[in-house]
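Below: one structure, written as structure tokens.
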There are 2 protein chains.
Amino acid sequence: MQEPTFLILTALAAEPTHGYGVIRAVEHLSQGEVVLRPGTLYGALDRLTEQGLVEVDREEAVDGRLRRYYRLTEPGAAALAAQVKRLRRNANAAEARLRIAFGGAR
Amino acid sequence: MQEPTFLILTALAAEPTHGYGVIRAVEHLSQGEVVLRPGTLYGALDRLTEQGLVEVDREEAVDGRLRRYYRLTEPGAAALAAQVKRLRRNANAAEARLRIAFGGAR
DNA sequence: CCCGATACTACGGTTGACGTTATATATCGC
DNA sequence: GCGATATATAACGTCAACCGTAGTATCGGG
């Protein structure tokens, strides 16, 4: 799982959110480092829906514009939690090894 | 940066290692979850060399077979350290948000 | 009245990982 | 001495995922 996908799931973990709201949430979560393009977001949303990790919560018409709210499913939450563990393990492994050769030499 | 690339840099962080050694190191680091195919490894190594994140340490002829040792450069170590921070931030953000909706409901 | 923000759709391009196959040699079992 | 296995690198082609851009549409601010 790549970073944009991970952050989209993270954005949806708190509460159901519509597409544009996900873009803002991800930007905020990543402190401005990750700004999703529409192509990335809606492509990922379609893929994640197909995989059962997210699902459409509801659709609202606000001022004539359609808002489609997505929600994290139970399998989606499980997948996200598993990925969190994986990221932690990788981060810890890298940090430990960096210290061996580059930590003492600094 | 994707997971295979991250783990290759991590494998090289401790000491210069040759191609096959990287495959074994990554498998060990990821507890068997990531097994690099030759195509993935040498493609990544070439790309990382071009980007200046790794470089050829030395070449040895062992039993008639060439062994090319790769080494993590300073910029490579910096990139890896930056990525560690990023992974940690993402993992923490996801965990905090998972607790909001899925932590209490369990 | 145009511009920017909101909100979604559509299409094409590129990167990086993946899978497979090929090559070569050393060692070990049979 | 012959094939199987392990070591080690190279060279394909393919595919998923992300990226960029543009298009449609509504609303409010200057």
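Here is how names work: the chains are called A, B, and so on, in the same order as the sequence lines, proteins then strands, and each is numbered from 1.
Between the P atom of C/dT25 and the NE2 atom of B/His18 lies a distance of 18 Å, rounded to the nearest Å. Nucleotide D/dT9 holds its P atom 9 Å from the CG atom of B/Leu45, rounded to whole Å. If you take CD1 of B/Ile23 and P of D/dA6, they are 14 Å apart, rounded to a whole angstrom. Going from atom CG of A/Asp46 over to atom P of C/dC8 covers 12 Å, rounded to whole Å.
Base engagement by A/Pro38 is indicated by at least one non-hydrogen atom pair under 4.0 Å involving a base atom. Within 4.0 Å of A/Gly39, counting heavy atoms only, lies at least one base atom of the nucleic acid.
Annotation for B/Glu50: atom CD does not count as buried by contact number, only 12 or fewer foreign heavy atoms lying within 6.0 Å.
Applying the 4.0 Å criterion to OP1 and OP2 of C/dG19, one finds that B/Arg37 has a side-chain N or O inside that range. Using a 4.0 Å cut-off, no side-chain N or O of A/Arg65 falls inside it from OP1 or OP2 of C/dA5. For C/dC8, the OP1/OP2 oxygens have no side-chain nitrogen or oxygen of A/Arg67 closer than 4.0 Å.
For A/Arg68, the listed nucleotide lying nearest its side chain is C/dT9; candidates were C/dT20, C/dT9, D/dC18. Considering only side-chain atoms of B/Thr40, the nucleotide from D/dC18, C/dC18, C/dA7 that sits closest is C/dC18.
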